Amino acid sequence: MEKSYQPRDIEQHLYEEWEAAGWFAPRGDGEPYCIMIPPPNVTGSLHMGHAFQDTLMDALVRYQRMRGRRTLWQVGTDHAGIATQMVVERQLEREQTSRAELGREAFVERVWRWKEESGGQITNQLRRMGASVDWSRERFTMDEGFSRAVREVFVRLFDEGLIYRGKRLVNWDPVLRTALSDLEVENVEEQGHLWHFRYPLADGRRTADGRDHLVVATTRPETMLGDTAVAVHPEDARYAELVGAFVELPLVGRRIPVIADDYVDPEFGTGCVKITPAHDFNDHAMGQRHGLELINVLEADARLNEAVPEPYRGLDRYEARRRVVADLDAAGLLERVDDHRLMVPRGDRSGAVVEPWLTDQWFVAMEGLAREAIRAVEDGAVRFVPKQYENLYFAWMREIQDWCISRQLWWGHRIPAWYDETGGIYVGHDEAEVRAKYGLAPELPLAQDPDVLETWFSSALWTFGTLGWPEDTEALRSFHPTDVLVTGHDIIFFWVARMIMMTLKFTGEVPFRTVYIHGLVRDAEGQKMSKSKGNGLDPLDLVEGIDLEALVAKRTTGLMQPQLAARIEKATRRDFPEGIPAFGTDALRFTFCALASTGRDVRFDLNRIAGYRNFCNKLWNAANFVRMNTGSAGDADLAGETTPTLADRWIRSRFQGLVRDVHFAYETFRFDVMAQRLYDFVWHEYCDWYLELTKPVLREGTEGERRAARRTLLEVLEAILRIAHPVIPFLTEAVWREIAPLLGRSGPTIMLEPFPETDESALDPDAEAELDWVRGIIEGVRNIRGEMDLPTGRPIPALLAGCDATDRERLERNRTFLMQLARLEHIEVLAEETEAPPAAIQLVGAMRVLVPMAGLIDRDAELARLDKELERRRQDVARLEKKLANESFVAKAPAEVVEKERAKHDEAVDALAKLVAQRETIASL
RNA sequence: GGGUGUUUAGCUCAGUCGGGAGAGCGUCGGCCUUACAAGCCGAAGGUCGCAGGUUCGACCCCUGCAACACCCACCA
């Protein structure tokens, strides 16, 4: 083994070996356990969020695999319709061509080629993270089998009337020129204006106060060309007489009615609202209530169409806005313009302002599906961790709208619907089936719907589609429902809810029993990591390291907004002046686990990963020590008689506590607690104490004691490796292969060894109590040594005063430990009748630990130290006295609590008295 | 407008059953101590966001408020 920990030397080749050996596939006849990976975009790359969730899934999967479950971690990628199509379209743009120029077939062909080229990147990154997914079962959402499942679902939903086609007002992205679902629209607050226009009253009417016009306020002037009414509140006295009257729509000249509708807020603006039923969701609803005409004034690219007066035709919507405002102003109809903050709907991929637009689209009727899915969570068939996400889920599901699933894209699952020339709709797996199903003549011309399904429609089938549905496969029977879904809260609606609905509908089962929701990974300032902000980190850069220049280049190339490059570069040079060192996969994984506390986002801080890299190094070096003391260098006979020391009994007992806590942490998805316990046990118990206690035994112990120490060193280390393996698989595997043979374990890999289970018989409260006693003395002496600046190398004498029989026995049993770890010259019990020499003092329970001052300790320094301690004890006593003097405390608190406080009080009083006496002694010197 | 989460040491975060708060990093002091200087030993550092309430007792339970973050929503 190398002297220092070098992750790059071990990680890569171990993974290749695991994969080649087929150890990731389900094996054995244990109870099945299954996790489905949230399929990443096939043409994307691994970001911190992926690395985070993949780490958590891998820990769960490795844990269950080691516990003997027949474990499947299903892997695959998503075709990610819009995202992927956008990437390829941008490539075409650079080549001075376009998808229109290529044509549909060639374009789709081109996307497939790009998928083949780039699709390996994310799976390779997944390998580098150590993910123990079953590659032999890798799936893609557009592979033949999965596509069949998608068509099957569509056809069945259509045949049941749960999928329908209709002309509806939908969210339209005029840049991508496709419909979007409500979820794909982000409403962002932006600064805009509120324009006040005068609409002249028709037929010579006047308002009550004598004006000849109404004033409407709008944030969308250009849509006025499609107005078909002006609305007021029915109880608004100002306008009551005008309801039923008409205004003349400026610029257009159309007579439009004044209507009353209680949607109108009389407090806002003037209390008059222009109504454009074809271009606003609220106006559309009102139009339906009042039978208003729908006048569509926009083309697919948001330019104005033939329905508007000639001067505006063909103008972009913003150009039209300027013209409309200018023309109204020129006509004296612009009353005023206010600044106004408003929510602007933008497409989540393109960033374009989305238009409500009337088009023919396909929808899924959600109400019934949602009802079942709500019940599944209410009944606990699906459980969210943390639980509060269930409320979020319920809130959305109870207000659910029908789902627009058609997209005007070319990359995706083509909608399995055909039309005849009269608009008749036929749905089936393919054209032949459609003709047979509907009894259509072979010569009847049919054309397939040009649109594709939204990506989330297919993702919703992920848990059962990947296992072979609609066939009744062995995999489906074994692994469905899956056990846990690990995902971020940002896709609860997009994906989790839809999976629950679709899976219940088609399998009658829930897709998973537990949904573990993790936080989002943010940068050290708490900002969301994103390419456009240039604050993202590539997990592999943390694993392998990257120098500053390369990092700057990576963050500033290919930006959507190149003008940000300078700022990003500056921030990068500030945050990573030395670049990023190579921390290794294990350290990164450990960090993710340690940061994964429940219900909050995680700030990724380089200091944390550096600390956990140090932890890996610590474990590596501990293993080094164990090997040096147990390998062929010494006598390796571990089989003979052993005489365990206190240290051996203690560490085995403590290890049981670790095992118990780690199991509990996995059960409750507290990866942070698990990491904390591993860190604490390995570093502060095994290394700081057990290894140190072992040194004198190995040097001076009897043969039986030495053998016991070697065996315990090895056995506990080996068990540590197994318990830590799900988190830090590489380091543990590398070390385990060196260590295990010494214990006669011959398995080929740690990943198939059993996970440590609790063993009550190893619990040893006596040993734990006695070692606490030993520690108390050692720490007492160390405190004196540290406070008095006595060099570690200089042995000092110690005396124990106020000892009872147990203390004396313990001293004799543990003299070697005390001498060694406290670096003592000698240690003796001070006889009852003997007067103590001037000494620095530490209290250990009722006992006093004394370090004689002669020649070592300065009187004033010791007085200062004593005063500090005295002050602390005085506060203790005061607090406890006050508490016990409180009659209602004594009367009402549980007896054992009162008793405990009394004992604490007595001890504190006793300690204080001893310190006071000691202070007098020292002061009189 | 509605909802959720967060607020604990200089920083990043734990804190289970209500019984006077912990870790890592950083800081300060001492150590090259035969596994590890990516280390060892010791120390300092807290008005648990604010105000009330319940309770013998509150970081913890209740109410209100504030700040920050996020989600949802039709105020033109």
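Just the heavy atoms: all of them, side chains too, but no hydrogens, waters or symmetry mates, feed the values below. Letters go in sequence order (proteins before strands), and every chain restarts at 1. Since we're looking at a predicted model, the values are computed, not measured.
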Query raised in the report: When A:W683 is tested against each of A:Y686, A:F681, A:Y679 for ring-ring contact (aromatic ring centres under 6.0 Å, His included), which residue passes?
Result: A:Y679

Query raised in the report: Which nucleotide in the list B:G19, B:U33, B:A76 gets nearest to the side chain of A:A217?
Result: B:A76

Requested in this report: Tell me what A:C616 touches on the nucleic acid: a base, only sugar-phosphate, or nothing, going by heavy atoms under 4.0 Å.
Outcome: nothing

Query raised in the report: Hey, does A:H233 reach any base, or is it just sugar-phosphate, or nothing, if we go heavy atoms under 4.0 Å?
Result: nothing

Requested in this report: Identify whether any heavy atom of A:F268 sits under 4.0 Å from a base atom; if not, whether one sits that close to sugar-phosphate; answer base, sugar-phosphate or nothing.
Outcome: base

**Report entry** A:D586 (side chain) donor-acceptor with A:L731 (main chain) under 3.5 angstrom
**Finding:** yes

**Report entry** Distance below 4.0 Å between A:N783 side-chain N/O and B:A43 OP1 or OP2
**Finding:** yes

Requested in this report: Specify the separation, in whole Å, of atom CZ of A:F604 and atom P of B:C13.
Outcome: 13 Å

Requested in this report: Give a yes/no on whether any side-chain N or O of A:H489 is located under 4.0 angstrom from OP1 or OP2 of B:U4.
Outcome: no

Requested in this report: Looking at every strand, decide which applies to A:R775 at a 4.0 Å heavy-atom threshold: base, sugar-phosphate, or nothing.
Outcome: nothing

Query raised in the report: Looking at A:R879 and A:D876, does any basic side-chain N land under 4.0 Å from a carboxylate oxygen?
Result: yes

Query raised in the report: Checking salt bridge (Lys or Arg N to Asp or Glu O under 4.0 Å) for the pair A:K883/A:E901: CA distance, chi angles, key distance, verdict?
Result: CA-CA 8 Å; A:K883 197 166 195 176; A:E901 296 298 307; 3.7 Å; yes

Requested in this report: Would you indicate what A:L595 reaches in the nucleic acid, counting non-hydrogen atoms under 4.0 angstrom: base, sugar-phosphate, or nothing?
Outcome: nothing

Report summary line: For RNA chain B, consecutive-pair runs of 3 or more (Watson-Crick or G-U wobble, both H-bond-type distances under 3.5 Å) give B:1-7 with B:66-72, B:10-13 with B:22-25, B:27-31 with B:39-43, B:49-53 with B:61-65

Query raised in the report: If only atom types and distance count, is the side chain of A:E184 paired as donor or acceptor with the main-chain N or O of A:S181 below 3.5 Å?
Result: yes

Requested in this report: Look only at the side chain of A:R589 and the backbone of A:V727, and say whether a donor-acceptor pair between them is shorter than 3.5 Å.
Outcome: yes

Report summary line: Quick note, A:K618 side chain, CB onward, closest among B:C75, B:C36, B:G19 is B:C36

Query raised in the report: If only side-chain N and O atoms of A:N614 are considered, is one of them under 4.0 Å from the OP1 or OP2 phosphate oxygen of B:C36?
Result: no

Query raised in the report: Can you tell me if the side-chain N/O atoms of A:R603 get under 4.0 Å from OP1 or OP2 in B:C13?
Result: yes

Query raised in the report: Taking the side chain of A:F493 as its heavy atoms from C-beta onward, which of B:C72, B:C31, B:G19 lies nearest to it?
Result: B:C72

Report summary line: The single option from A:D523, A:V602, A:V521 that satisfies side-chain contact (heavy atoms from CB on, under 4.5 Å) with A:M48 is A:V521

Query - Partner of A:W396 under ring-ring contact (aromatic ring centres under 6.0 Å, His included), chosen from A:Y389, A:F494, A:F493 - result: A:F493

Report summary line: With the side chain defined as heavy atoms from C-beta on, A:M343 is closest, among B:A76, B:A73, B:G19, to B:A73

Report summary line: The answer to which of A:K904 and A:D280 contacts RNA chain B further toward the 5' end, by nearest nucleotide, is A:K904

Report task. Report which part of the nucleic acid A:D789 touches: base, sugar-phosphate, or nothing (heavy-atom distance under 4.0 Å, all strands). Result -> sugar-phosphate

**Report entry** salt bridge (Lys or Arg N to Asp or Glu O under 4.0 Å) evaluation trace for A:E222 with A:R317
**Finding:** CA-CA 7 Å; A:E222 67 282 8; A:R317 53 188 160 163; over 6 Å; no

Query raised in the report: Taking protein heavy atoms under 4.0 Å as touching, what does nucleotides 56-61 of chain B look like 5' to 3' if B marks base contact, S marks sugar-phosphate-only contact and - marks none?
Result: B-----

Report summary line: A:R710 and A:N629 have their tightest heavy-atom pair at CD-O, 3.0 Å

Requested in this report: Please determine if a side-chain N or O atom of A:S597 lies less than 4.0 Å away from the OP1 or OP2 oxygen of B:A14.
Outcome: yes

Query raised in the report: If you measure from the P atom in B:C75 to the same atom in B:U6, how many Å do you get, rounded?
Result: 28 Å

Query raised in the report: Which ones in residues 666-684 of chain A lie close to RNA chain B, meaning a heavy atom under 4.0 Å from one of its atoms?
Result: A:R670, A:Q676, A:Y679, A:W683, A:H684

**Report entry** Nearest-angstrom distance, P atom, B:G30 to B:A35
**Finding:** 25 Å

Requested in this report: Specify the separation, in whole Å, of atom CG of A:N391 and atom P of B:G3.
Outcome: 12 Å

**Report entry** Donor-acceptor contact below 3.5 Å, side chain A:D338 vs main chain A:H340
**Finding:** no

Requested in this report: Rounded to the nearest angstrom, tell me the gap between atom NZ in A:K528 and atom C1' in B:C68.
Outcome: 15 Å

Query raised in the report: To the side chain of A:R782, which of B:A35, B:C41, B:C70 is closest?
Result: B:C41

**Report entry** Sugar-phosphate only, base, or nothing, as touched by A:R600 at under 4.0 Å among non-hydrogen atoms
**Finding:** sugar-phosphate

Query - B:A35 phosphate, OP1 or OP2, under 4.0 Å from A:K695 side-chain N/O - result: yes

Query raised in the report: Looking at B:A76, B:A44, B:A38, which one has an atom nearest to any side-chain atom of A:T218?
Result: B:A76

Query raised in the report: If we take the C1' atom in both B:G24 and B:C65, what is their distance in whole Å?
Result: 34 Å

Query raised in the report: Does A:E390 reach the main-chain N or O of A:F384 with its side chain, forming a donor-acceptor pair under 3.5 Å?
Result: yes

Report task. Report which part of the nucleic acid A:E692 touches: base, sugar-phosphate, or nothing (heavy-atom distance under 4.0 Å, all strands). Result -> base

Query raised in the report: With a non-hydrogen cut-off below 4.0 angstrom, is A:D283 in contact with a base, only sugar-phosphate, or nothing?
Result: nothing

Requested in this report: Could you say whether A:G611 or A:E267 is positioned toward the 5' end of RNA chain B, judged by the nucleotide with the nearest heavy atom to each?
Outcome: A:G611

Query - Lys/Arg-Asp/Glu bridge criterion (N-O < 4.0 Å) met for A:E907, A:K904 - result: no

Report task. With C1' as the reference atom in both, quote the distance from B:G49 to B:A66 in angstrom, rounded to an integer. Result -> 8 Å

Report task. Send over the distance from A:Y263 OH to B:A73 C1', rounded to a whole Å. Result -> 12 Å

**Report entry** Span that lies between the P atom of B:C62 and that of B:A21, in whole angstrom
**Finding:** 22 Å

Report task. Give a yes or no on whether the ring-centroid distance for A:Y612 and A:F590 is below 6.0 angstrom. Result -> yes

Query raised in the report: Whole-Å distance between B:A73 P and A:L183 CG?
Result: 8 Å

Query - Separation of B:G5 C1' from A:L520 CG (nearest whole Å) - result: 13 Å

Query raised in the report: According to the interplanar angle, ranging from 0 to 90°, do the rings of A:F197 and A:Y199 count as parallel (below 30°), tilted (30 to 60°) or perpendicular (above 60°)?
Result: parallel

Report task. Quote, to the nearest angstrom, the C1' distance that separates B:C25 from B:G39. Result -> 16 Å

Report task. Select one nucleotide: of B:A38, B:A35, B:U4, the one nearest the side-chain heavy atoms of A:N624. Result -> B:A35

Query - Parallel, tilted or perpendicular: rings of A:F671 and A:Y516 (30°, 60°) - result: perpendicular

Query raised in the report: Counting any heavy atom closer than 4.0 Å, what does A:G584 reach on the DNA or RNA strands: base, sugar-phosphate only, or nothing?
Result: nothing

Requested in this report: Determine the interatomic distance between P on B:G10 and the same-named atom on B:G1; round to the nearest Å.
Outcome: 35 Å

Query raised in the report: Using the C1' atom in both, what is the distance from B:C72 to B:U12, to the nearest Å?
Result: 30 Å

